[in-house]
Q: 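Sharing a structure, written as C-alpha cells. Questions coming.
Residue numbers start at 1 and run along the sequence shown. We use all heavy atoms of the structure for the numbers below, so side chains are in, but hydrogens, waters and symmetry mates are not. Each ligand, and each atom within it, is numbered from 1 in the order the structure gives.
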Amino acid sequence: MTKRILQPTDENIERCARHVIAGGLVGIPTETVYGLAANAADDAAVASIYSAKSRPSSNPLIVHVAKTEQAEPFVADWNDDCRLLAEAFWPGPLTLVLDRSPQVSDLVTAGHKTVAVRSPAHDVARRLIERADRALVAPSANQSGQVSATDARHVISEFPLEDFPVLDGGACALGIESTVLDLTGETPLVLRPGAVTVRALRNVLPDVEVPVIGEQTNAPGTALRHYAPRTPTVLVESQRFDERLDELDEGVAVISIGPRRLGSQHVLVEMPKDPDDYARCLYAGLREADESDRGLIVVEIPPWSGGLWRAINDRLQRACVPPLNP
Ligand code: TXA
Ligand code: MG
C-alpha cells in the first residue's frame, strides 16, 4: 500500500487491517496524538517502527488494545489496581506499565521486564484494532524526539522516506499524549504526565506519586529533550516576556498566550488560555513556529500549574532543552 491519507471508511479500515496483519505499518488517529501502528506479535513489523522513527532500541512501545481482555495476555498479573484504573479511564488516555507476561516480544518491551498497555478511545483506532483482531503497538507518529503529530498531514511530513497509509481521523481531540502510570513499584508512579490528570488518578489510587522532570533517571523514554522543534526554542516567564522580546534584534517566532502586539519582524502564534484548548493546539503551534523560518522560537511559560497544565509544561520544558550534539 502506498503512502497516502485514507478516509476511515469500512473498506479502508479493512484494507489497513489486512496491511498490518501482513506486517505493514499504518498511521492511526487516537484521541491523544497520531500513532504509527504495527502488529505487536510481528517482530519484523515492530522492528520497522524503530527504524522508521530512528527510535533508540532502549525505548519500549505501548501495546494498544480495543478491550481489557486483549491486554490481559500481555501482562503477568491483571490485578485489582489495573481493573479499577481500566474501569475508570479506558478506553482513554491512560497507559499502564505492568509486569510483562512471557509471551510479549523483547522488541516491544525493549528488553524490560515490564509492558505498557492502553486502550485508545478514538473510534478509528478502535475499529482498526477490532478489524485486525489483534493488539497493535503504536508509538507517536513522529521522528524520535521531535514534535508529535495531531493531524494526518503532520504524519506524512514526519516520514518523507517511508511508504505507509495514514487513516484520517481529523485533528486529535486532546492533542497531548497519554499519561503513563507505572504500577510495578511499591507506589504507583507517573512516568509521563498526560491527558489524565494526577488528581483524577488519585481519585482512584490515592497514593499516586509524580517525580520532578529530569529525576526519572531509571525510566525509559524520559530523555530530557523530546517533543522538540528543529528550531532552537526558549521558554520565558510571562512577566518578563515583553521585556525579553524588546532585547532581540532578529525576528523570532513567538508562542504567546492570547494576543500580543509585536514588531513586524516577528511571527505570532497565539495560544488559548483554556488548558484543554492549549493542549489541543500545542503541537500544531510548535510546528507552525518551526515552519516560520525564524532562528529562534520564544515560548511564554503558561503561568498556571494544576491539572492539564502539568502535562503541557512538561512538554514545553522538554521542547526547550538544547540538543546534546547541536
Ligand atoms: O498517547 C499516547 O500514548 C500515544 C498514542 C499514539 O497512543 N503514544 C505514545 O507512544 O505516546 P510513544 O512511544 O511516543 O511514547 C510511549 C512512552 C515512552 O515514553 C515510553 O518510554 C513509555 O511510554 N513506555 C513504553 N513502554 C514502557 C515500559 N515498559 N516501561 C516504562 N515506560 C514505557
Ligand atoms: Mg512519542
Side-chain angles (χ1 to χ4, degrees), residues 25-38 40 46 49-50 52-66 74-76 89-101 104-122 124-126 128-129 135-150 154-155 158 166-167 169 172-185 188-196 211 213 216-228 279 283 311 314-315 318-319:
L25 305 184
V26 178
I28 59 163
T30 83
E31 72 281 22
T32 59
V33 299
Y34 273 71
L36 184 57
V46 177
I49 283 194
Y50 281 92
K53 279 183 59 97
S54 302
R55 184 179 179 102
S57 58
S58 56
N59 193 4
L61 303 175
I62 300 173
V63 175
H64 290 62
V65 297
F74 288 85
V75 311
F89 300 109
W90 282 10
L94 176 65
T95 296
L96 300 176
V97 172
L98 304 161
D99 288 322
R100 57 176 282 188
S101 77
V104 195
S105 158
D106 275 337
L107 272 182
V108 171
T109 67
H112 293 270
K113 293 192 174 110
T114 55
V115 64
V117 286
R118 120 166 165 91
S119 183
H122 198 293
V124 174
R126 300 183 64 74
L128 179 68
I129 298 168
L136 304 179
V137 284
S140 54
N142 52 276
Q143 290 298 313
S144 184
Q146 307 286 327
V147 178
S148 305
T150 50
H154 300 161
V155 181
E158 282 292 309
V166 181
L167 283 165
C172 298
L174 300 173
I176 207 156
E177 294 83 355
S178 63
T179 304
V180 179
L181 183 69
D182 184 353
L183 291 175
T184 64
L189 197 63
V190 174
L191 299 182
R192 177 175 74 181
V196 172
I213 294 176
Q216 300 144 296
T217 43
N218 54 359
T222 50
L224 259 183
R225 184 179 160 82
H226 215 108
Y227 317 102
Y283 292 127
D314 169 87
R315 302 307 188 272
R318 292 179 199 275

Q: Closest approach of Ser119 and Ala66, non-hydrogen atoms and distance?
A: OG-O, 3.5 Å
Q: Indicate yes or no: does an N/O atom of Glu177 lie under 3.5 Å from an N/O atom of ligand 1?
A: no
Q: Using heavy atoms and a threshold below 4.0 Å, how should the contact between Arg192 and ligand 1 be classified: side chain, backbone, both, or neither?
A: side chain
Q: Give the atom numbers and elements of ligand 1 that come within less than 4.0 Å of a heavy atom of Gly35.
A: 6 (C)
Q: Hey, which atoms in ligand 1 end up nearer than 4.0 Å to a heavy atom of Thr32?
A: 1 (O), 2 (C), 4 (C), 5 (C)
Q: Apply side chain to side chain contact (heavy atoms under 4.5 Å, CB included) to residues Glu177 and Ser148 and explain how you reach the verdict.
A: CA-CA 9 Å; Glu177 294 83 355; Ser148 305; 2.5 Å; yes
Q: Side chain or backbone, does His64 bring an N or O within less than 3.5 Å of an N or O on ligand 1?
A: yes
Q: Which atoms from ligand 1 have a heavy atom of Asn59 less than 4.0 Å away?
A: 18 (C), 20 (C), 21 (O)
Q: Check ligand 1 against Ser178 and write out every atom of the ligand that is under 4.0 Å from a heavy-atom position of the residue.
A: 1 (O), 2 (C), 3 (O)
Q: May I ask you to check whether Asn142 brings an N, O or S atom to under 2.8 Å from the Mg ion (ligand 2)?
A: no
Q: Can you find an N/O atom of Lys53 closer than 3.5 Å to an N/O atom of ligand 1?
A: no
Q: Using a 4.0 Å cut-off to any heavy atom of Ala138, which atoms of ligand 1 qualify?
A: 6 (C), 8 (N), 10 (O)
Q: Under 4.0 Å from any heavy atom of Leu191, which atoms of ligand 1 are there?
A: 31 (C), 32 (N)
Q: Checking side chain to side chain donor-acceptor pair (under 3.5 Å) for the pair Ser178/Thr95: CA distance, chi angles, key distance, verdict?
A: CA-CA 6 Å; Ser178 63; Thr95 296; 2.8 Å; yes
Q: Can you check whether Ala110's main-chain N or O pairs, donor with acceptor, with Asp106's side chain at less than 3.5 Å?
A: no
Q: Can you figure out which of Ile28, Thr114, Leu96 has its heavy atom closest to atom 29 (N) of ligand 1?
A: Thr114
Q: N/O of Thr30 under 3.5 Å from N/O of ligand 1, yes or no?
A: no
Q: Distance alone, cut at 3.5 Å: any donor-acceptor contact between the side chains of Arg118 and Thr32?
A: yes
Q: Checking His64 side chain against Ile62 main chain: does a donor-acceptor pair fall under 3.5 Å?
A: yes
Q: Does Leu174 offer a backbone N or O that forms a donor-acceptor pair with the side chain of Glu31 under 3.5 Å?
A: no
Q: Just verifying a value: how many Å separate Leu94 CG and Leu96 CG, rounded to the nearest 0.5 Å?
A: 4.5 Å
Q: Ignoring hydrogens and angles, tell me if any N or O in the side chain of Arg315 forms a donor-acceptor pair with the backbone of Ala319 under 3.5 Å.
A: no
Q: Please could you name the atoms of ligand 1 that Pro139 approaches to less than 4.0 Å, counting only its heavy atoms?
A: 10 (O), 12 (P), 13 (O)
Q: Touching ligand 1 at all, Arg118? Heavy atoms, strictly under 4.0 Å?
A: yes
Q: Got a second to check how far Tyr50's OH is from Ser144's OG, nearest 0.5 Å?
A: 10.5 Å
